[in-house]
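Written below as structure tokens is the structure these notes are about.
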Amino acid sequence: MEAEGTEAGAARPGRGGAARDRAGGGSTRERLLVAASELFAERGYERATVRDIAARAGVNQALLFRHFGSKRALFGEAVAHGGLEQLRTTSPDRLVEVMLSSMLTPPPDRDGHTTGAARYLETLLRSVGAQDEVTAAVTCLGADYAHALAALSDTDDRALRADLVLSWLLGIGLMRVVLRKHPLADADPAEVTRLVTDALTHLLGGSAATRPPPG
């Protein structure tokens, strides 16, 4: 079984790993987060091993444990990293659409095949409430998303409305990916997006930020 908890379960870094760390570009922590995000999405949580994550980042796997402590903690930080990147690169008026797209339409891998992104999301949703690193990361990230969503409304209760939007989006992910409830589980992503954004336009006080994507 793959060691996850401490650095003791991994090989000691050697000079080769240090050289790769200096030459690979970007901080070791950043490269591990990027590699982990890619592999968790491609393979799902269980099949993305710490060995493969470290190899893609170009470092010795002992450095993964040194920076994150465990595979599960790395998963939590990868979730937060990906979410913050989505917030940073998405204009507020497209945030709901992009969030729905990431849940409903997993991106293809480098060869154009469907990825394990659904399994990645499933692991995340099943982890919420576990009182560990994943829940802590998701809680902080949820606060950031709620703040961004609240900015889309000009009502006095905008914070409550933002929490309701976020709750609904997470519920859609839970029903579609974890519970696989039909007909939602195999519904057309474009149709789900249209129905949800129509309703959210009203919930956010008529904000154009939840307009349906162009046809």
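Heavy-atom basis, side chains included; hydrogens, waters and symmetry copies ignored. Quick caveat: nothing in here was measured; it's all calculated off a predicted structure.
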Euclidean distance, Phe40 CZ relative to Glu46 CD, rounded to 0.5 Å: 9.5 Å
To the nearest 0.5 Å, atom CG of Leu160 lies from atom OG1 of Thr155 at 8.5 Å
All heavy atoms of Ser70 vs all of Ala73, minimum pair found to be OG-N, 3.0 Å
Hey, is Asp154 close enough to Arg158 for a salt bridge, meaning N to O under 4.0 Å? no
Is the shortest heavy-atom distance from the side chain of Tyr145 to the side chain of Val165 under 4.5 Å? no
Leu204 reachable from Leu195 in the ILVMFWY side-chain graph, under 4.5 Å edges: no
With respect to Ile53, which candidate in Val59, Leu33, Leu74 satisfies the side-chain contact (heavy atoms from CB on, under 4.5 Å) definition? Leu74
CG (Asp156) with more than 12 external heavy atoms under 6.0 Å: no
Are Val79 and Leu84 co-members of a hydrophobic cluster defined by side-chain heavy atoms under 4.5 Å apart? yes
Mind listing the closest non-hydrogen atom pair of Gly58 and Arg31 along with its distance? O-NH2, 3.6 Å
Less than 4.5 Å apart, side chain to side chain, heavy atoms only: is that true for Arg94 and Ser101? no
Hey, could you give me the CG/OG1 distance between Leu200 and Thr193, rounded to the nearest 0.5 Å? 10.5 Å
In terms of heavy-atom contacts, Ala148 and Leu87 come closest through CB-CD2, 3.9 Å
For the atom pair CZ (Arg180) and CG (Leu174), what is the distance rounded to the nearest 0.5 Å? 11.0 Å
Would you kindly confirm whether Val96 and Trp168 end up in one hydrophobic cluster when ILVMFWY residues are joined by side chain heavy atoms under 4.5 Å apart? yes
Nearest heavy-atom approach of Ala146 to Asp163 is CB-OD1, 3.6 Å
Between Lys71 and Tyr45, is NZ or CZ placed under 6.0 angstrom from the six-membered ring centre and within 45° of the ring axis? yes
Rounded to the nearest 0.5 Å, how far does CZ of Arg66 lie from CG of Leu32? 11.5 Å
Examine Val34 and Leu64 and state if one hydrophobic cluster contains both, with Ile, Leu, Val, Met, Phe, Trp and Tyr joined whenever side-chain heavy atoms are less than 4.5 Å apart. no
Any Thr89 side-chain heavy atom under 4.5 Å of Val98 side chain: no
Met99 side, atom CE; Leu149 side, atom CG - distance, nearest 0.5 Å: 6.0 Å
Would you check if Glu77 and His67 make a side-chain contact, meaning some heavy-atom pair closer than 4.5 Å? no
Grab the two heavy atoms, one from Ala78 and one from Ala36, that are nearest each other, plus how far apart they are. CB-CB, 4.4 Å
Residues Leu184 and Ile172: closest non-hydrogen pair is CD2-O, 3.9 Å
His81 vs Glu30 side-chain heavy atoms within contact, under 4.5 Å: yes
